[in-house]
Number of protein chains: 2
Amino acid sequence: MKTKDDIRETLINVAGNIFSKFGFKKTTMDEIADAARKGKSSIYYYFSSKEEIFGAVVEKEATILEKKILNDINTTDDPKEKIRKYILARMNGIKNLGNFYNALKNDYLSSFESIEKLRIKYDKEEHNLIKKILQEGIEKNIFYIKNTDKTAKAIVTTMKGLEIPLIVKDNKYKIEDRLDDFLDILYYGICKH
Amino acid sequence: MKTKDDIRETLINVAGNIFSKFGFKKTTMDEIADAARKGKSSIYYYFSSKEEIFGAVVEKEATILEKKILNDINTTDDPKEKIRKYILARMNGIKNLGNFYNALKNDYLSSFESIEKLRIKYDKEEHNLIKKILQEGIEKNIFYIKNTDKTAKAIVTTMKGLEIPLIVKDNKYKIEDRLDDFLDILYYGICKH
DNA sequence: TTTTCGACTGTTTTACTAAAACGTTCCAAA
DNA sequence: TTTGGAACGTTTTAGTAAAACAGTCGAAAA
């Protein structure tokens, strides 16, 4: 017998499939209900609104991405390599999460408060993770960084810049091709020493 | 007596004011004509289409920005300082040019071919300018760079990332506050040496 | 000859409306 | 506890006639 949580999860998966295809606005509660073989109003027994079920979908995807990233960076001990793996995993994840993010943007120009809160939460986690890698690099005597907080901020912002071609759906853009040029600057800078 | 070119330029200025306020789509040829105290069809004596006069406006603004940038970076001989001045001038310029760029984006999702060509042209000029500064730095024994072309590409991409908060109109965002953290990484990297 | 513009053309946008679809609630049944 | 049919108020859509639009033309003014 299926528990309440099981059905909730099924609904999240079903809804996720439809949302990723049609975006938030063009997905109707009826469609989700039909695909889940339920009555439309039954969904309201599990979620209080369309926005809430969408938020649950996004949160699930983000959690999967986070796990994948953490897993990837733990395949190495070298902080330099960790940063590399981090950026690669993140960029590849963005391609998928970007679907949801974009779907939102195109539907409503302003996103929801609940999603915005999620974004801020993951931004903070991202910042802390980078910071941790940097500190690890300092301890291992590999990095020399005056202010890990500011440096992490700079790296995160730069990474967001790298992401744009992905979100704008520039298909010919290959991260791997450019990543090493970036890392080279990030690690060693351009000044003589 | 005003020459044809004089009137053309007046029209560009008048149109520029209106375009920057209302964007491409919401600006009508009648409005431009009225503001210039001309009949609408007279404008077609100077420009072949609405798109052409818009292109002329954008080109003029871009040229002004380019002059300002070139002027700024020539106030110093230090390549490091040149890059700093370049980014500052560029970012501040984007705030204004962003008006036009955004106006276009919000009106039509896809921009015009003619504007796209301009963008590509200025992207190339930007790349070459950065490359020139880098080479100057190498000659002066300040920079150590394996591949100036790839490095210039990396810097330009990073700069585009820095621009986003400006285009998204994040008013509290101050470039100056973060610029030096970026430059510190760009110049010296994060690795011990 | 160079420049201007009123009148015109075909197309696109707007303003309006009624009908359909939507998210959400309610409540009785399972 | 869980389900879904019916109903509610709101939003979106489809359709349409009128207005506004970009662009043309040819005659007149400079």
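Convention: sequence-line order gives letters A, B, ...; per-chain numbering from 1.
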Participant: Are any of the side-chain nitrogens in B:Lys153 or A:Asp181 under 4.0 Å away from the carboxylate oxygens of its partner?
Facilitator: no

Participant: Kindly calculate the angle separating the two end axes of the helix from C:dT1-D:dA30 to C:dA30-D:dT1, each obtained from five base pairs, and round it to 10 degrees.
Facilitator: 40°

Participant: Is the shortest heavy-atom distance from the side chain of B:Asn74 to the side chain of B:Lys82 under 4.5 Å?
Facilitator: yes

Participant: Taking salt bridge (Lys or Arg N to Asp or Glu O under 4.0 Å) as the cut-off, I'd like each qualifying pair that reaches into residues 69-80 of chain B, sequence neighbours left out, listed once.
Facilitator: B:Lys68-B:Asp72

Participant: Return a table of donor-acceptor pairs under 3.5 angstrom between the side chains of residues 128-135 of chain A and protein atoms on other chains or two or more places apart.
Facilitator:
| from | atom 1 | to | atom 2 | distance (Å) |
| --- | --- | --- | --- | --- |
| A:Asn128 | ND2 | A:Lys124 | O | 3.4 |
| A:Lys131 | NZ | A:Asp149 | OD1 | 2.9 |

Participant: Heavy-atom distance under 4.5 Å between the side chains of B:Lys50 and B:Ile32, does that happen here?
Facilitator: no

Participant: Not counting sequence neighbours, which residues clear side chain to side chain donor-acceptor pair (under 3.5 Å) with A:Glu126? List them please.
Facilitator: A:Tyr86, A:Arg90

Participant: Whole-Å distance between D:dA22 P and B:Ile53 CD1?
Facilitator: 11 Å

Participant: When the distance from CG of B:Asp30 to C1' of D:dA20 is rounded to whole Å, what number comes out?
Facilitator: 9 Å

Participant: A side-chain contact here means heavy atoms from C-beta on lying under 4.5 Å apart; do A:Glu52 and A:Tyr46 qualify?
Facilitator: no

Participant: Whole Å only: how far is the CZ atom of B:Phe54 from the P atom of D:dG23?
Facilitator: 14 Å

Participant: Using a heavy-atom distance cut-off of less than 4.0 Å, which residues of residues 32-42 of chain A contact DNA chain D?
Facilitator: A:Lys38, A:Gly39, A:Ser41, A:Ser42

Participant: From NZ of B:Lys26 over to C1' of D:dA20, roughly how many Å is that when rounded to an integer?
Facilitator: 13 Å

Participant: Is B:Val14 linked to B:Phe22 within one hydrophobic cluster, defined over Ile, Leu, Val, Met, Phe, Trp and Tyr using a side-chain heavy-atom separation of less than 4.5 Å?
Facilitator: yes

Participant: For B:Phe22 and D:dC21, give me the distance from atom CZ to atom C1', rounded to whole Å.
Facilitator: 17 Å

Participant: Can you tell me how far C1' of C:dT2 sits from CD1 of B:Ile7, to the nearest Å?
Facilitator: 10 Å

Participant: Step through the shown structure and confirm whether more than 12 heavy atoms of other residues, nucleotides or ligands are within 6.0 Å of NZ on A:Lys140.
Facilitator: yes

Participant: Any heavy-atom pair between the side chains of A:Val58 and A:Phe19 that's under 4.5 Å?
Facilitator: no

Participant: Round to the nearest Å and state the distance from B:Phe24 atom CZ to D:dC21 atom C1'.
Facilitator: 12 Å

Participant: Which residues within residues 44-52 of chain A lie with some heavy atom under 4.0 Å of an atom in DNA chain C?
Facilitator: A:Tyr44, A:Ser49, A:Lys50

Participant: So does A:Lys160 pair up with A:Asp123, basic N to acidic O under 4.0 Å?
Facilitator: yes

Participant: Which whole-number value in Å describes the distance from B:Phe19 CZ to D:dA22 C1'?
Facilitator: 12 Å

